[in-house]
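Working notes for the structure below.
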There are 2 protein chains.
Amino acid sequence: MRLSTFSLVAFSALVSANSVTPPTHYGVLLFQAFQALDVFGPLDVLNLHSGTQKNLTLSLLSRNLSPVSTVPVMMNTTFGQSLQPTHTLSSPPPDLEVLIVPGGIGTRAPDLGAEVDFIRTIFPSLRYLISICTGNVLVARAGLLDGKKATGNKKSWSWLTQQGNKTHWVAKARWVVSSEKIWSTSGVSAGVDGFLNFMETVYGEEVARNLEIGLEWSRVTDPNADEFADIWQVEDVLPVE
Amino acid sequence: MRLSTFSLVAFSALVSANSVTPPTHYGVLLFQAFQALDVFGPLDVLNLHSGTQKNLTLSLLSRNLSPVSTVPVMMNTTFGQSLQPTHTLSSPPPDLEVLIVPGGIGTRAPDLGAEVDFIRTIFPSLRYLISICTGNVLVARAGLLDGKKATGNKKSWSWLTQQGNKTHWVAKARWVVSSEKIWSTSGVSAGVDGFLNFMETVYGEEVARNLEIGLEWSRVTDPNADEFADIWQVEDVLPVE
C-alpha cells in the first residue's frame with residue numbers, strides 16, 4: 001500500500017486524537033429478526049473492554065420499548081432470543097457516539113423507513129458507525145454509503161448490492177473502512193473482525209490484541225482475507241454512473 | 001488415528017441413530033455475569049439452524065425469573081446486556097435434551113451451589129451437555145468431568161484447573177469431546193468451534209458446513225489447533241491420583 005506523506009500525517013493525527021478521547025457511549029439499533037451474533041459479537045468485545053474502561057455506556061435503540069426478538073416470524077419458527085431496548089428511535093440519548101447497525105433476516109422487512117430515517121438523522125452527531133452484514137442495506141438506504149466502498153453478507157450479495165446503487169460493493173473483503181467514520185463489515189462473524197479493527201484504530205493495537213486474546217477469537221487481521229467471497233463466488237458491484 | 005472394526009461399527013451406529021432423531025430441545029444455564037458470546041455464539045448457530053429444522057425449542061434457565069445480566073458488578077462496571085429466563089432451576093422443562101453451560105466472571109462467585117446441583121441433577125436425563133469456557137468449572141464441580149479429559153478458558157487456566165482435580169485438563173485444545181455426551185470447549189469464541197463440531201456429529205457434516213458458511217465463521221476444525229494455549233503458555237494438568 002502506498003501512502004502519501006499527507007495521508008500518513010493525517011492518519012497519525014487521527015490516531016493521536018482518538019487516543020486522547022476514546023468514545024464511551026455505544027448504541028445498537030435493534031429491529032425484529034436481527035442477527036444475534038451481529039450484535040453480541042461486538043458487544044462482547046465491549047463487555048470485556050468495560051473491565052478496564054469503566055465509563056462505557058450502552059444504549060439499545062428500537063421503534064418502541066417492547067422486547068425485540070431475533071425470531072424471523074416469516075420463516076415459521078419460534079426459536080430465538082429477545083433484548084429489552086433502553087431508548088426509542090424518536091428519543092435517542094443525546095450523547096451517542098458510536099452506533100452499531102446489525103443485519104439479519106429482518107432487514108428484508110418491507111417497512112424499515114423508521115430505522116433508515118433514524119440512521120440518516122443521527123449520523124451527523126455520531127463519531128463512528130459500525131455497519132454489519134445486511135445492516136449495510138439500511139445504511140446504504142440512508143445514503144451514507146453513496147460514493148463510498150462497502151461490503152456485506154456474502155450469501156445475500158446479489159440482493160444486498162442492489163439496495164444501494166451509488167456504492168462500490170467490495171466482494172473480497174472481511175470489512176471495509178468506508179470513511180474515517182464508517183466501518184462496513186461482511187456477514188455475521190466478520191462483524192467481530194471489523195469491530196476489532198475499529199477498536200485497534202480508536203484504542204490502539206495493544207487494547208485490540210488483549211481483547212482478541214481474552215475472547216480467544218481467531219482473528220482475521222487482513223481485511224481482504226475473505227474465504228467466503230470465494231465460496232459464494234461473488235464479485236465487486238460498481239456504482240451506477 | 002487407528003479405529004478398530006468394533007469402534008467403526010459403533011461410530012456408524014451412533015451417527016446413524018443421531019441422524020434419525022436429532023435433538024430439538026436446547027437449554028442454556030444463565031447466572032449473573034455470564035459471558036455473552038459463550039451463550040450467543042452457539043445460540044446463533046441454532047438460530048440459523050432453526051430456519052431449516054423448524055421444531056427447535058429453547059429454554060433459558062436461571063435461579064429465578066428475573067432478567068439475568070452479563071454485568072460483572074464486582075468489577076465496578078454497569079455495561080452489559082440481560083436475558084429473560086423462561087424456567088427456574090427448580091422447575092426445568094421435563095424434556096430438555098441439550099444443556100449449554102456458559103462461562104464468565106460469574107463462575108467466580110462464592111455461591112454457585114444451586115447451579116452446580118442443577119447440572120448434576122439434570123445430567124442423567126440429558127442427551128448432550130456443552131460446557132464452554134469457565135463453565136467447565138461448574139460442570140467439574142458437579143463431578144461430571146471426573147476421570148475424563150476436558151479443557152477451558154486459557155487465561156483462567158491455573159484457577160480453572162484447580163476446580164476439578166479428578167480431570168485431565170488438556171491445554172492445547174480448542175475443544176475436547178469428554179464423552180459421547182459431553183463437549184468441553186476452550187474460552188469464549190472456542191465455544192462456537194466446539195458447538196459446530198457437536199452439530200456435525202449430531203446432524204452431519206453438510207449441516208455444520210452450511211451453518212459455518214452462513215455465519216461466515218472462520219472455523220477451527222482441528223480440535224488441537226489452539227493458538228491461545230501457546231500465547232498463555234499453559235500445560236496439561238493431570239488428575240490427582
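Letters A, B, ... mirror the listed sequences (proteins, then strands); counts begin at 1. What you are looking at is a predicted structure, and each value in this text was computed from that prediction instead of being measured.
When A:Gly51, A:Ser50, A:Gly41 are compared by the number of non-hydrogen pairs under 4.5 Å with chain B, A:Ser50 comes out ahead. Residue with the most contacts toward chain B among A:Val45, A:Val192, A:Asp38, A:Leu46: A:Leu46 (heavy-atom pairs, distance under 4.5 Å). For the set B:Thr77, B:Thr86, B:Leu58, B:Asp193, the entry with the most heavy-atom pairs within less than 4.5 Å of chain A is B:Leu58. Considering only heavy-atom pairs separated by less than 4.5 Å from chain A, the leading option among B:His49, B:Gln84, B:Lys154 is B:Lys154. Counting heavy-atom pairs closer than 4.5 Å to chain B, the top residue among A:Val220, A:Asp226, A:Leu83, A:Asn153 is A:Asn153.
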**OP:** Could you give me the CA-CA distance, side-chain angles and deciding distance for A:Glu216 and B:Lys155, then say whether side chain to side chain contact (heavy atoms under 4.5 Å, CB included) is met?
**Re:** CA-CA 9 Å; A:Glu216 296 191 24; B:Lys155 185 177 182 179; 5.6 Å; no
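Heavy atoms closer than 4.5 Å to chain B are found in the backbone of A:Thr57, but not in its side chain. Proximity to chain B (any heavy atom under 4.5 Å) is restricted, for A:Ser82, to the backbone atoms N, CA, C and O. For chain B, the nearby part of A:Ile231 is the side chain; its heavy atoms alone come within less than 4.5 Å. Heavy atoms closer than 4.5 Å to chain A are found in the side chain of B:Phe228, but not in its backbone. For a residue to count as touching a neighbouring chain, one of its non-hydrogen atoms must lie under 4.5 Å from one of that chain's; by this rule A:Asn55 does not touch chain B. Using a 4.5 Å cut-off between heavy atoms, A:Leu60 does not touch chain B at all. Looking at A:Glu227, only its side chain comes within 4.5 Å of chain B, counting heavy atoms on both sides. Interface remark: B:Ile105 contributes no atoms to any contact with chain A (heavy atom separation under 4.5 Å).
For the pairing with A:Thr70, the side-chain contact (heavy atoms from CB on, under 4.5 Å) check across B:Asn47, B:Leu43, B:Asp44 returns one residue only, B:Asn47.
The number of heavy-atom neighbours closer than 6.0 Å to NZ of A:Lys149, taken from other residues, nucleotides and ligands shown, is 12 or below.
Contact annotation: the side chain of A:Phe40 never approaches that of B:Val39 to less than 4.5 Å [non-hydrogen atoms, C-beta and beyond].
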